[in-house]
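Here the structure comes first, spelled out in structure tokens, and everything after it is commentary.
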Amino acid sequence: MIIFASCIILFLIGLYAIVTKRNLIKIAIGFAFIEYAVNLLFALIGFKHGALAPIITQVNTPHNFVDPIPQALVLTAIVIALGTTALMLTVILRIYNRYKTFDIAEIKKLKG
Amino acid sequence: MRGMSLIVKTITNITVGFMFIYGLYIILHGHLTPGGGFAGGVIVAGAFVLKILAFGSERSAEKKSATRASIFESIGGLLFIGIAMSALLVAGTFFLNFLPKGTPFHLLSAGIIPFCNIAISIKVGAGLFSIFLALGAMKYIMED
Amino acid sequence: MSFIPLFFALPLITAFLIPILGKIFKPLIWIVSTLVSFVLFIISLYGIAVTQEIPMVVYKMGNWPPPLGIVMAFDSFSAVTVFVISIISFTSCLFSYRFLSRYTGQWKFYTLLMLVIAGMMGISITGDLFNMFVFLEIAAIASYALVAFGIDAKELEAAFKYMVMGEIGGLTFLLSIALLYAKTSTLNLADISYSLQVVGHTPFFWMILGMMLFAFSIKAGLVPFHSWVPDAYPAAPAPISSLLAGICTKVFGIYTMARIIFNVFGLTRAHDPMFFNILIGMGLLSIAFAGLTALNQTDYKRLLAFSSISQVGYILIGFGIGNFYGIVGAIFYILAHGFAKGLLFLTSGSVVYATSTSDLKKLAGLGERMPTTAWSFRFGGLSLVGIPPLVGFFAKLFIILGAIKAGFLWLAVLAILLSILTLAYLLKIENSVFMKKRKSDTKRAPFTMRIGMVFLVVLIVIIGIGFQPVMDFIVGPAAHALLRGVEYANLVFSHVLVNF
């Protein structure tokens with residue numbers, strides 16, 4: 001239970017970084033934290049004590065595997081996170097190019 | 001001198017080929033061992049990235065590779081959906097594994113999965129390489 | 001051969017084909033994407049026809065049976081959503097042809113547009129929770145990039161805001177999927193529904209539901225989490241604003257929310273009135289706050305963006321009322337608001353195309369020079385306010401009817417009163433853009449743009465006048481599909497209706 005709770009704490013740390021940090025790159029790092037937290041949680045959900053990695057290498061293997069589905073999900077989530085992070089960094093660099101700053105307080109050409 | 005020092009260049013020349021072959025191995029054995037299209041594609045793209053990092057590149061050459069990468073990415077995506085659609089057209093179900101499965105644990109087995117792996121690896125490799133190029137091209141935009 | 005996979009396979013194939021086609025012959029890009037979105041429209045009509053006879057078409061991807069593999073569950077509610085998506089994307093494609101002439105890299109635009117369409121189609125037909133997340137992210141990431149398409153300072157800032165908010169929503173959704181998987185060990189919506197009936201309404205159940213509600217509220221742009229909407233819509237190119245406001249927020253937020261609340265978690269007004277009252281409260285907050293803010297806006301597209309937030313509140317009220325009429329009203333509202341707001345953003349696009357500004361103070365007297373745009377605006381606006389016989393009237397009527405049937409007289413009165421706000425801010429645009437004296441000569445909207453707008457006007461009028469068949473064949477069955485509740489799961493698992 002503690003180990004699940006620590007994932008949630010990691011998630012909240014990332015959320016804290018996104019909400020309070022003023023540097024755009026630090027916000028992107030906050031997102032990386034959240035993604036890691038969720039992926040870690042997924043991997044831990046599938047974990048079983050003393051079980052093997054879910055890879056069948058011969059015809060008669062003992063069927064004592066950890067749950068393979070969360071691992072597949074993590075893989076998919078990592079790919080999505082890769083796309084988001086790449087897009088976010090590109091946008092951040094473009095913003096830097098226009099505003100010459102990473103400080104979110106100085107980026108306010110919009111009203112809201 | 002363009003790129004990095006002579007030591008890096010020499011080491012790169014030696015390792016790039018191995019990286020490429022290793023990536024291909026991961027792709028082609030994706031249905032037998034851990035790894036597969038995504039991991040293999042990343043390794044192959046890593047070989048290209050290493051080459052560019054070590055040797056440097058011209059802006060025009062980067063533009064050309066970006067165009068090529070985007071075309072390869074489209075081809076990879078089309079191949080993947082093409083496999084799924086051909087299952088729909090041939091066997092009547094989207095993504096059905098309609099090819100003969102073969103004997104397990106042999107290289108030629110598992111029906112359409114190796115082909116899916118190849119398509120994914122093209123897509124991922126080209127996509128990752130074009131992400132690298134796009135982020136690298138930011139330095140020209142900054143200079144302008 | 002089944003039609004279900006075509007919904008997301010066709011736009012995906014087009015998305016990957018476009019970069020190659022663009023190298024061969026440029027205008028081909030536009031022709032192909034418009035054609036594909038029109039084909040999707042035809043297929044969605046066929047889908048509606050199919051759901052008349054069969055309550056749910058279950059499609060097993062790769063022939064894996066439901067709890068093991070991914071299934072596509074296409075019922076009447078999916079059919080309505082797919083229908084609206086295909087129409088709005090068709091008109092956006094039509095409109096983009098001339099509108100995009102000032103941008104470079106057009107193939108990127110159409111590729112991203114097709115990805116958004118594929119993602120939305122996928123969300124609305126999938127029967128698998130993680131699959132829903134993946135499609136949601138495909139569509140969301142493509143839409144972030146589309147908002148930033150102009151790569152000017154404002155566009156980038158808006159896109160960054162949208163991305164931060166949207167990703168917080170998306171990752172919260174992923175976290176709730178993880179927790180749900182830990183409890184139920186399955187990702188199939190129907191199977192989750194079975195497991196949750198066993199679990200019962202524990203605090204855990206409500207926590208997951210709360211997280212999902214939070215995530216979808218961000219995606220739908222409801223009031224406490226709306227801050228990205230008024231930046232993102234004006235920054236995006238007009239066809240994309242039309243798509244985002246018309247249907248994206250509804251599919252990302254409202255469709256998913258309704259599906260999960262009614263069919264997966266199996267909540268009903270009779271058992272959990274508190275939860276449905278929260279929905280009504282959030283809806284009212286959105287309507288009132290965003291409606292009042294819209295009155296002070298001086299930018300055409302920004303005003304429309306606030307109006308969208310406010311109108312989405314009505315849909316939420318409809319679901320919150322939770323009886324048959326309320327849900328019919330909500331689904332009608334998805335139709336009505338999709339067409340009307342899509343149309344209004346298209347008119348804003350043609351105004352921007354003609355005058356290169358969307359500032360209400362600089363615009364005047366466009367009505368005589370651009371009659372099609374002006375009249376499209378009037379029809380869309382009147383439908384949004386709820387003037388009979390346009391479709392928006394019936395949407396509001398059913399919501400009000402539902403409120404009265406559920407015993408919320410005050411809610412019915414409030415809904416009518418708040419629609420005066422809609423009239424007020426739309427009159428502001430009408431007054432300053434289309435009335436008054438003309439200041440300078442402007443261009444006229446090109447033919448393809450006008451076709452897109454007229455198509456939507458015709459739909460608004462036809463669906464309004466012929467609301468009875470629409471009610472009987474499209475919206476009514478969709479409401480029944482939602483009210484079916486956890487019966488949804490039985491339908492998915494009944495192997496009779498497989499692979500139509």
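Computed from a prediction, not measured in an experiment: that's the story for all the values here. Order of the sequence lines sets the chain letters (A, B, ...), proteins ahead of strands, with each chain counted from 1.
- In this structure, C/Y103 has its ring center at least 6.0 angstrom away from the ring center of C/F109.
- Heavy-atom neighbours of C/F214 CZ from other residues, nucleotides or ligands within 6.0 Å: above the threshold of 12.
- Considering only heavy-atom pairs separated by less than 4.5 Å from chain C, the leading option among A/L44, A/T84, A/I92 is A/T84.
- Between chain C and the options A/L87, A/L73, A/I45, A/I34, heavy-atom pairs under 4.5 Å are most frequent for A/L73.
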Using the side chain to side chain contact (heavy atoms under 4.5 Å, CB included) rule, take C/C248 and C/V116 through it: C-alpha gap first, then chi angles, then the decisive distance, then the call. CA-CA 8 Å; C/C248 272; C/V116 174; 3.8 Å; yes

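- For the pairing with C/F216, the ring pair (Phe, Tyr, Trp, His ring centres under 6.0 Å) check across C/F225, C/F252, C/F173 returns one residue only, C/F173.
- Contacts between A/I8 and chain C at a heavy-atom distance below 4.5 Å involve the side chain alone, from C-beta outward.
- Between A/F42 and C/Y181, the ring-plane angle classifies as tilted under the 30° and 60° cut-offs.
- Only the side chain of C/L187 comes within less than 4.5 Å of a heavy atom of chain A; its backbone N, CA, C and O stay farther away.
- Contacts of A/I95 with chain C are made by both backbone and side-chain atoms, with heavy-atom separations under 4.5 Å.
- When heavy atoms are compared at a cutoff of 4.5 Å, A/I18 approaches chain C solely by way of its side chain, counted from C-beta outward.
- Only the side chain of A/F11 comes within contact range of chain C, with heavy atoms under 4.5 Å apart.
- Surrounding OH of A/Y16 are at most 12 heavy atoms belonging to other residues, nucleotides or ligands under 6.0 Å away.
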